[in-house]
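Naming convention: chains lettered A, B, ... in sequence-line order (proteins, then strands); numbering from 1 in each chain. The model shown is predicted, which means the values in this text are computed figures rather than measured ones. Quick note: numbers below take in every heavy atom, side chains included, and nothing from hydrogens, waters or symmetry partners.
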Amino acid sequence: MPALDKDKRHLYRLAVLFAAGILAFLGLRAVMVPKGFGRYGFFRAGALTDIRSLPISYAGRAACADCHSDIVDMRKGSLHAQIGCEACHGPLEAHAAAPDTTKPRLPNGRALCLGCHLENVAKPASFPQVDPKEHGDAGPCTSCHNPHHPEIS
Amino acid sequence: MEAILHGVQGYMYPNELELQWSILIVLYPFITGLVAGAFILASLERVFKVEAVKPTYRLALLTALAFLIVAPLPLQMHLGHPERAFEMFLTPHTTSAMAMFGFVYLWYLMAVLVVEIWLEYRKDIVLAWRGSRGARRLFYGILALGSDNISPRALAIDEKVGKAVTIVGIPSAFLLHGYVGFIFGSVKANPWWSSPLMPVVFLFSAMVSGIALVLLMYVFFSWLRRTAVDMLCLDTVAKYLLYAFLIDFSLEMLDLVHRIYEADESFRALDFMVHTRLYVSQIVIQIYIGTLVPLGLLALTQFARFGEKARKGIYTFAACLTLVGIFAMRWNVVIGGQLFSKSFLGYTTYKMGFATREGLLPAIVLMILPFVLLWGLLKLLPPWEKEGAAEVQPLA
């Protein structure tokens with residue numbers, strides 16, 4: 001092997017420094033990037049099993065229908081028919097698993113409604129919306145509207 | 001919310017009421033532009049052999065480095081969690097234009113600027129190493145990578161490699177700031193930004209601002225050190241400032257004419273905005289005060305004869321106005337692009353905080369920081385020739 005040019009020695013040192021920097025980066029990368037990153041997409045593959053092992057919060061509409069067929073019947077033909085039970089009542093897996101000991105919370109019959117039905121020019125004109133200062137009094141909307149079939153008032 | 005709604009006129013979508021990109025995002029293209037411009041001025045001497053600008057060469061390089069170190073800080077301040085910035089390099093996201101800027105930045109900083117400054121200063125570093133003691137000696141020794149060879153051949157090799165680095169550096173500097181323009185120009189949902197001319201306009205405005213900054217730094221440090229300004233150098237820098245400015249202004253006018261003639265569906269909304277909310281910052285500050293006046297002054301020095309003192313004054317004044325104008329341009333792009341609704345039916349207002357994370361105070365601090373860094377760099381690596389210093393005989 002020919003001897004290194006002594007007038008270029010500083011440049012070789014710079015090159016070695018850069019190579020060491022790149023190697024250090026690659027080492028850090030190997031340590032810091034979680035295993036399985038990028039296998040399915042821009043995320044850690046193991047996140048899928050981690051998420052799968054989390055406790056389930058939502059029971060799903062079918063579980064509600066098992067016991068509450070009267071409500072299912074009431075909702076038929078209503079504008080609210082397509083809305084999931086847990087969209088208003090919250091996650092109910094605990095209730096579905098132990099109906100006698102865990103009771104669901106009753107939704108707020110005013111704040112919850114206004115979440116969708118508060119008047120806003122950005123909403124389509126055909127969407128039912130109200131200005132709560134002008135429509136109804138300060139009481140809950142549910143005193144006139146049946147939330148499971150709001151057209152009946 | 002109440003306060004924001006007072007500043008809204010017409011119809012805005014709910015997510016457009018409050019501006020998400022603050023003054024810190026204005027600083028990002030402004031500072032990056034200063035870096036690219038300063039470097040391009042420096043490369044004039046090295047690659048294109050414009051010997052007249054030599055007195056500004058080292059100063060321009062150090063200015064570029066000081067500003068480059070600060071360039072990502074506004075972004076990190078805006079996003080929060082600066083510790084996560086490194087993850088961008090670990091798991092590069094090639095579809096994110098913003099994430100890829102990290103690589104453009106790193107390339108420019110490490111492969112171009114640091115190497116070029118090191119090669120340029122190697123002789124000074126070695127001499128400082130030899131002539132100092134204690135911690136200073138250790139510092140310069142590490143900086144010299146433990147090699148004190150400054151033989152004429154070694155320096156000639158440095159010169160050659162340095163030139164190659166500068167040749168790579170010019171497209172890199174173009175890439176750096178062209179890329180910033182691309183980040184804005186590629187947002188197709190925003191008609192104020194979405195234009196293929198954006199990278200080119202950004203690039204030339206970067207050159208203008210960088211040259212103006214180096215000119216000011218040169219005049220300032222000459223005054224501070226009570227040394228005479230090299231008028232040939234200053235005249236040449238001012239001439240290049242004028243040329244770059246003319247191209248930049250022509251490109252911006254080209255963009256404007258194109259928009260006016262094309263007059264697509266966004267035009268009326270944007271036109272209204274320019275005549276109302278952006279009138280002061282765009283028409284008055286950017287175009288009149290920040291472009292036409294300095295352009296006129298610089299052009300005047302090319303045609304009329306002025307004394308040295310008058311020329312120096314005119315250049316300094318024109319460079320100050322230029323920086324104000326380019327800052328206004330960044331402001332009008334970043335803030336202006338968020339003031340109108342994508343429905344083209346309404347306008348909002350930018351409310352800037354003061355001592356908040358993205359307020360005026362951090363912006364001022366971030367703008368002062370590069371000057372502090374530059375001061376430190378000038379102490380460590382003085383760019384000026386030592387007065388009366390004879391050519392030091394290198395060790396064999």
(message) At under 4.5 Å between heavy atoms, what parts of residues 37-63 of chain A are in contact with chain B? List them by residue number.
(response) F37(A), F42(A)
Validation: residues 93-100 of chain A side-chain donor-acceptor distances under 3.5 Å, sequence neighbours left out:
{"residue": "H95(A)", "atom": "ND1", "partner": "T102(A)", "partner atom": "O", "Å": "2.6"}

(message) Need one label for Y13(B): side chain, backbone, both or neither, based on atoms under 4.5 Å from any heavy atom in chain A.
(response) neither
(message) Suppose a student defines contact as a heavy atom less than 4.5 Å from any heavy atom of chain A. Which residues in residues 95-117 of chain B would they list?
(response) M110(B), V115(B)
If you look only at distance, which donor and acceptor atoms sit under 3.5 Å apart when one is on a side chain in residues 26-34 of chain A and the other is two or more places apart or in another chain?
{"residue": "R29(A)", "atom": "NE", "partner": "L90(B)", "partner atom": "O", "Å": "2.5"}
{"residue": "R29(A)", "atom": "NH2", "partner": "L90(B)", "partner atom": "O", "Å": "2.9"}

(message) Out of the candidates L378(B), L68(B), V70(B), only one should pair with L373(B) under the side chain to side chain contact (heavy atoms under 4.5 Å, CB included) rule; please name it.
(response) V70(B)
(message) Side chains of W192(B) and L270(B), heavy atoms from C-beta outward: is any pair under 4.5 Å?
(response) yes
(request) Would you confirm whether the ring centroid of F340(B) sits within less than 6.0 angstrom of the ring centroid of F272(B)? (result) no
(message) Assess the residue pair S147(B) and N149(B) against the criterion (side chain to side chain donor-acceptor pair (under 3.5 Å)); give the C-alpha distance rounded to whole Å, side-chain angles, the decisive distance to 0.1 Å, and a yes or no.
(response) CA-CA 6 Å; S147(B) 161; N149(B) 182 356; 5.7 Å; no
(message) Would you say that L17(A) contacts R13(A) through its side chain, given a criterion of any heavy-atom pair below 4.5 Å between the two side chains?
(response) no
(message) Given heavy-atom pairs under 4.5 angstrom as the criterion, report whether the side chain, backbone, both or neither of N120(A) touches chain B.
(response) neither
(request) Tell me whether the guanidinium CZ or amine NZ of R58(B) lies under 6.0 angstrom from the six-membered ring centre of Y121(B) and within 45° of its axis. (result) yes
(request) Taking atom types as modelled, find out whether D148(B) and H10(A) have a side-chain donor-acceptor pair closer than 3.5 angstrom. (result) no
(message) Taking E159(B) first and then R122(B), would you say they form a salt bridge - that is, a charged N and a carboxylate O separated by under 4.0 Å?
(response) no
